[in-house]
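To start, the structure under review is shown below, and the notes come after it.
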Amino acid sequence: MKLYTYWRSTTSYRVRIALNLKGLAYEPVPVNLVAGAQTAPDYASLNPGQGVPTVVLEDDTVLTQSMAILDWLEETHPNPALLPTDTTLRAKVRAAALIIAADVHPVNNLRVVAKLKSMGHSQQEAVDWMNDWMQRGLTAFDQLIDPGTPFCFGDAPGLAEICLVPQLYNAHRWGCDLAPFSRLTEIETRCLATPAFDAARPENQPDAN
Ligand SMILES: N[C@@H](CCC(=O)N[C@@H](CS)C(=O)NCC(=O)O)C(=O)O
């Protein structure tokens, strides 16, 4: 399968981690977001949301939206599982993941920050904006996870870490104060020590610069 991706995109990073965890090979197709390649007509016809990631399967089926792609991966390639079997615990894992995917990422997306700047806000104001939403989201995430396990909800990484680790990449990038989130950065370190997360890191992508 092909994965349309951008090295620094946290939503692409989620899918790269999941593909690696599931042991699925893919061909990365870089989409240069800084150059605006996501709005080019050919790409926009593939992904009308004009963002990455997009997955194109061998039969040309197109999948968009990182969380829907993760659901599809879990349903079609159930091992190793990204979600626990217990339905209540599944809801808790999904809630933590959605704090990042639904509450933090959308208000910090490239086009949102570009819009803020086009309305006259400075780069520093844009960074403060991003860090504020990250602080709020990480505070909630920290309270939603299991306090006593090596990973967010147990002994292995899954959907929660797939959303957390890319978001923490962004938090480091923009100088977000992570001192209050030592448990989250410990989980991040544990995840990045595994081959699946390490290979998915932005700096390990072919289009990294
Ligand atoms: N909700 C979508 C968001 C996709 C998205 O917008 N991704 C960002 C990169 S992290 C992007 O491509 N942004 C381009 C832009 O804002 O112009 C998903 O989870 O796939």
Side-chain angles (χ1 to χ4, degrees), residues 1-21 24 26 28-57 61-76 82-83 93-119 121 123 126-127 129-131 133-134 137-138 141 158-174 176 188 197 200-209:
M1 69 182 87
K2 286 184 184 165
L3 174 67
Y4 289 78
T5 172
Y6 178 65
W7 65 293
R8 275 188 155 150
S9 151
T10 60
T11 49
S12 303
Y13 192 177
R14 292 175 198 159
V15 174
R16 295 196 299 260
I17 297 167
L19 288 166
N20 294 344
L21 281 171
L24 298 171
Y26 65 92
V29 183
V31 179
N32 188 335
L33 298 186
V34 175
Q38 69 277 29
T39 63
D42 279 1
Y43 185 74
S45 67
L46 205 57
N47 185 333
Q50 302 186 6
V52 282
T54 301
V55 164
V56 180
L57 304 180
T61 301
V62 179
L63 303 176
T64 62
Q65 285 289 341
S66 61
M67 300 308 279
I69 295 168
L70 296 175
D71 278 349
W72 177 86
L73 280 171
E74 184 71 346
E75 287 161 7
T76 55
L82 305 180
L83 286 165
V93 174
R94 284 192 166 113
L98 286 169
I99 284 281
I100 289 166
D103 294 353
V104 178
H105 176 270
V107 287
N108 282 359
N109 204 352
L110 182 61
R111 73 192 71 144
V112 172
V113 174
K115 183 79 181 174
L116 284 177
K117 290 197 211 164
S118 78
M119 293 167 75
H121 292 281
Q123 172 67 10
V127 170
W129 164 280
M130 289 190 281
N131 284 337
W133 296 116
M134 285 195 271
L138 294 173
F141 188 102
L159 188 68
E161 290 80 2
I162 284 173
C163 291
L164 173 68
V165 170
Q167 192 60 59
L168 287 176
Y169 167 78
N170 240 13
H172 293 296
R173 181 180 174 197
W174 296 112
C176 182
E188 176 192 35
F197 279 77
R201 282 176 195 249
E203 53 271 30
N204 290 338
Q205 304 315 301
D207 56 329
N209 56 58

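Order of appearance sets the numbers: ligands from 1, and atoms from 1 within every ligand.
Scanning for side chain to side chain donor-acceptor pair (under 3.5 Å) contacts around R8 gives Y169, with sequence neighbours left out. The side chain to side chain donor-acceptor pair (under 3.5 Å) test applied to T61 returns D59, not counting sequence neighbours.
Annotation: salt bridge (charged side-chain N to carboxylate O under 4.0 Å, His left out) contacts involving residues 66-76, sequence neighbours excluded, comprise K22-E74.
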Does ligand 1 have any N/O atom under 3.5 Å from a protein N/O, and what are those pairs and their distances?
{"from": "ligand 1", "atom 1": "1 (N)", "to": "Q65", "atom 2": "OE1", "distance (Å)": "2.8"}
{"from": "ligand 1", "atom 1": "6 (O)", "to": "N109", "atom 2": "ND2", "distance (Å)": "2.7"}
{"from": "ligand 1", "atom 1": "6 (O)", "to": "R111", "atom 2": "NH2", "distance (Å)": "3.0"}
{"from": "ligand 1", "atom 1": "7 (N)", "to": "T11", "atom 2": "OG1", "distance (Å)": "3.2"}
{"from": "ligand 1", "atom 1": "7 (N)", "to": "V52", "atom 2": "O", "distance (Å)": "2.9"}
{"from": "ligand 1", "atom 1": "12 (O)", "to": "V52", "atom 2": "N", "distance (Å)": "2.9"}
{"from": "ligand 1", "atom 1": "13 (N)", "to": "N109", "atom 2": "OD1", "distance (Å)": "3.0"}
{"from": "ligand 1", "atom 1": "16 (O)", "to": "N109", "atom 2": "OD1", "distance (Å)": "3.3"}
{"from": "ligand 1", "atom 1": "16 (O)", "to": "R111", "atom 2": "N", "distance (Å)": "2.9"}
{"from": "ligand 1", "atom 1": "16 (O)", "to": "R111", "atom 2": "NE", "distance (Å)": "3.0"}
{"from": "ligand 1", "atom 1": "17 (O)", "to": "Q38", "atom 2": "NE2", "distance (Å)": "2.8"}
{"from": "ligand 1", "atom 1": "19 (O)", "to": "S66", "atom 2": "N", "distance (Å)": "3.4"}
{"from": "ligand 1", "atom 1": "19 (O)", "to": "S66", "atom 2": "OG", "distance (Å)": "2.6"}
{"from": "ligand 1", "atom 1": "20 (O)", "to": "S66", "atom 2": "N", "distance (Å)": "2.8"}

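When each of L168, V107, V104 is paired with M134, the side-chain contact (heavy atoms from CB on, under 4.5 Å) condition holds for V104 and for no other.
Note that CD of E161 is 10.0 Å distant from CG of L82, once rounded to the nearest 0.5 Å.
Side-chain atoms of T54 and Y43 form a donor-acceptor pair, as typed in the model, at a separation below 3.5 Å.
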